[in-house]
Amino acid sequence: MASVPFDQMQGVIWLNGSLVDWQDAKIHILSHGLHYGGSVFEGERAYGGKIFKSRQHSERFLKSAEYLDFQIPYTVDELIEAKQLVVDKNGFKNCYVRPVAWRGSEMMAVAAQMAKIHTAIAVWDWPSMFDINTKMKGIKLDIAEYRRPDPATAPSHSKAAGLYMICTISKHKAERKGYADAMMLDWQGRVAECTGANIFFTRDGVLHTPIADCFLNGITRQTVIELASRRGLEVVERRIMPDELASFNECFICGTGAEVTPVSEIGPYNFAPGNISRTLIEDYTAEVNA
């Protein structure tokens, strides 16, 4: 948690093509994105001053907006340049990078075809959350009450702000019960993901992970699959039912914030963080710092 509220931090933010003072980066209370969820964002991270997989994130950012029926008025290359500019101007080496785009105030009803599309990029200091020995103790997860929605009912492949409402609720409930996060099921009761991270399990040296068809196929998830393949580890993307959890040896979650973090407990199920988790933590750390 930041030591000061995010609206009171110091630095510069890129807003609609220009750098502005942090506390001057404001929107009107009647912005359509605030009222109707017309907003998309990215979660990225810089290591040693370089943004990891910046192009892939920028491509997904534009695609997320398309799913919400609006167009971000910048190209992939313009976004890459702007993100790096904000990192450099704020003087950070290891930091979080947050591009966000939203519908503006020209219309205030469900329809918003004439609303201006605003785009901003903010960064803030964010070193790695845990050292490897702390990570290897594993975190504890609750099982969320809310489920990821049927992709026929929501734009599941967009990193849309509105899709995170049930994630916030689920994480709050988990934290109140002493857990670090919550594992969510999909609309058919199958294992899906955590509130802001994808999930993997191991059995007999094989990695198993849910098919990403009703939630984001995370860029960190894709990276972990690549790293595992380089190691000669088999990765199986499939449907996983909750009653299978007792049969797995290891479990870990992965995402921009979580990086690769082992799990020791999901509700009544226990796991022993081991060699596969440790190897992928080390490989991921090397990859992002290459």
message = For N16, I'd like to know if atom CG has over 12 heavy atoms of other residues, nucleotides or ligands within 6.0 Å.
response = yes

ask   = Judged by atom type as modelled, is there a donor-acceptor pair below 3.5 Å linking the side chain of Q84 to the main-chain atoms of G49?
value = yes

ask   = Out of curiosity, N217 CG to N198 CG, how far, rounded to the nearest 0.5 Å?
value = 7.0 Å

ask   = Counting distance only, does the side-chain N/O of S156 pair as donor-acceptor with the main-chain N or O of F215 below 3.5 Å?
value = no

note = To the nearest 0.5 Å, atom OG of S277 lies from atom CE of M136 at 5.5 Å

request  = Identify the two heavy atoms, one from W22 and one from W124, that lie closest to each other, and give their separation to 0.1 Å.
outcome  = CH2-CE3, 4.3 Å

ask   = How about W102 and Y36: are their ring centres within less than 6.0 Å of each other?
value = no

message = Which heavy atom of I117 sits nearest to which heavy atom of R103, and what is that distance?
response = CD1-CG, 3.8 Å

message = Could you check whether any side-chain heavy atom of T119 comes within less than 4.5 Å of a side-chain heavy atom of P99, counting everything from C-beta outward?
response = no

query = If you take all heavy atoms of S158 and Y67, which pair is closest and at what distance?
reply = CB-CB, 3.7 Å

remark   = On a heavy-atom basis, the closest approach of A272 and E250 is O-CG, 3.3 Å

task = Keeping the roles fixed (side chain from T261, backbone from A258), state whether a donor-acceptor pair exists under 3.5 Å.
result = yes

inquiry  = Any side-chain to backbone donor/acceptor pair from E106 onto K116? Under 3.5 Å, distance only.
reply    = yes

request  = For the pair F271 and N249, evaluate side chain to side chain contact (heavy atoms under 4.5 Å, CB included) and give the outcome as yes or no after the intermediate values.
outcome  = CA-CA 6 Å; F271 307 91; N249 310 116; over 6 Å; no

task = Would you sort out whether E78 and K83 count as a salt bridge (Lys or Arg N to Asp or Glu O under 4.0 Å), showing the intermediate values?
result = CA-CA 9 Å; E78 287 171 334; K83 286 185 291 183; over 6 Å; no

inquiry  = If you define the side chain from C-beta out and look only at heavy atoms, does anything of W187 sit under 4.5 Å from P151?
reply    = yes

Close side-chain approach of E259 and K135, heavy atoms under 4.5 Å = yes

query = Just checking, is any N or O donor in the side chain of T223 or K53 under 3.5 Å from an acceptor N or O on the other one?
reply = yes

query = Within a strict 4.5 Å, meaning less than it, do heavy atoms of the T202 and F248 side chains meet?
reply = no

inquiry  = With heavy-atom distances below 4.5 Å as the criterion, would you say the side chains of I27 and H118 are in contact?
reply    = no

query = Can D186 and R148 be counted as an ion pair, charged N to O under 4.0 angstrom?
reply = no

request  = Grab the two heavy atoms, one from V76 and one from S58, that are nearest each other, plus how far apart they are.
outcome  = CG1-CB, 4.0 Å

ask   = Would you find more than 12 non-hydrogen atoms of other residues, nucleotides or ligands less than 6.0 Å from Y146 atom OH?
value = no

inquiry  = Holding to ring-ring contact (aromatic ring centres under 6.0 Å, His included), I want the full list of residues that pass it with F200, two or more places apart in sequence or in another chain.
reply    = F252

inquiry  = Ignoring hydrogens, what is the shortest heavy-atom contact between P273 and V263? Give both atom names and the distance.
reply    = CG-O, 4.0 Å

message = Could you measure the distance from the CZ atom of R55 to the CD1 atom of I51? Nearest 0.5 Å is fine.
response = 12.0 Å

message = So does N94 get a backbone contact from the side chain of R45, meaning a donor-acceptor N/O pair under 3.5 Å?
response = no

ask   = Could you give the distance from CD1 (I132) to CD1 (I281), rounded to the nearest 0.5 Å?
value = 5.0 Å

ask   = For R239 and D213, what are the C-alpha separation, side-chain angles and deciding distance, and is it a salt bridge (Lys or Arg N to Asp or Glu O under 4.0 Å)?
value = CA-CA 10 Å; R239 309 298 185 190; D213 62 350; 2.8 Å; yes

query = So, does T220 use its side chain to make a donor-acceptor pair with the main chain of C254 at under 3.5 Å?
reply = no

ask   = When you look at D142 and D181, which way does the side chain to side chain contact (heavy atoms under 4.5 Å, CB included) test go after all the steps?
value = CA-CA 6 Å; D142 193 14; D181 199 357; over 6 Å; no

request  = Run through R60, K63, K159, R98 and flag the one making a salt bridge (Lys or Arg N to Asp or Glu O under 4.0 Å) with E42.
outcome  = R60

task = Among Ile, Leu, Val, Met, Phe, Trp and Tyr joined by side-chain contacts under 4.5 Å, find the other residues sharing a cluster with M107 and list them by chain and number.
result = M114

task = Mark yes when over 12 heavy atoms from residues, nucleotides or ligands other than M108 sit less than 6.0 Å from its CE; otherwise mark no.
result = yes

task = Flag the pair E244 and R203 as a salt bridge only when some basic side-chain nitrogen lies within less than 4.0 angstrom of an acidic carboxylate oxygen.
result = yes

inquiry  = Would you say that more than 12 heavy atoms from the other residues, nucleotides or ligands in this model lie under 6.0 Å from the CD of E226, or not?
reply    = yes

request  = May I ask you to test the E287-R230 pair for a side-chain heavy-atom distance under 4.5 Å?
outcome  = yes

task = May I have the step-by-step check of side chain to side chain contact (heavy atoms under 4.5 Å, CB included) for I266 and Y179, ending in yes or no?
result = CA-CA 9 Å; I266 303 176; Y179 294 96; over 6 Å; no

task = State the CG-CG distance between L68 and L163, to the nearest 0.5 angstrom.
result = 8.0 Å

note = Sorted by chain and number, sequence neighbours left out, ring-ring contact (aromatic ring centres under 6.0 Å, His included) with Y164 holds for F41

message = If we ignore hydrogens and angles and just use 3.5 Å, is the side chain of H28 paired with the main-chain N or O of S105 as donor and acceptor?
response = no

inquiry  = Keeping N90 on the side-chain end and V12 on the backbone end, is there a donor-acceptor pair under 3.5 Å?
reply    = yes

query = Would you say C95 and V87 make side-chain contact, with heavy atoms under 4.5 Å?
reply = yes

task = For the pair D125 and K93, evaluate salt bridge (Lys or Arg N to Asp or Glu O under 4.0 Å) and give the outcome as yes or no after the intermediate values.
result = CA-CA 8 Å; D125 192 35; K93 294 299 181 183; over 6 Å; no

query = Are any side-chain N or O atoms of S170 and backbone N or O atoms of I166, one a donor and one an acceptor, separated by less than 3.5 Å?
reply = yes

query = Distance only, no hydrogens: is a donor on one side chain within 3.5 Å (strictly under) of an acceptor on the other, for T195 and K171?
reply = no

note = Output for pair (L216 CG, E193 CD), nearest 0.5 Å, gives 7.0 Å

query = Is there a donor-acceptor pair closer than 3.5 Å between any side-chain N or O of H57 and the backbone N or O of V97?
reply = no

inquiry  = Taking the side chain as everything from C-beta on, heavy atoms only, tell me whether R190 gets closer than 4.5 Å to L185.
reply    = no

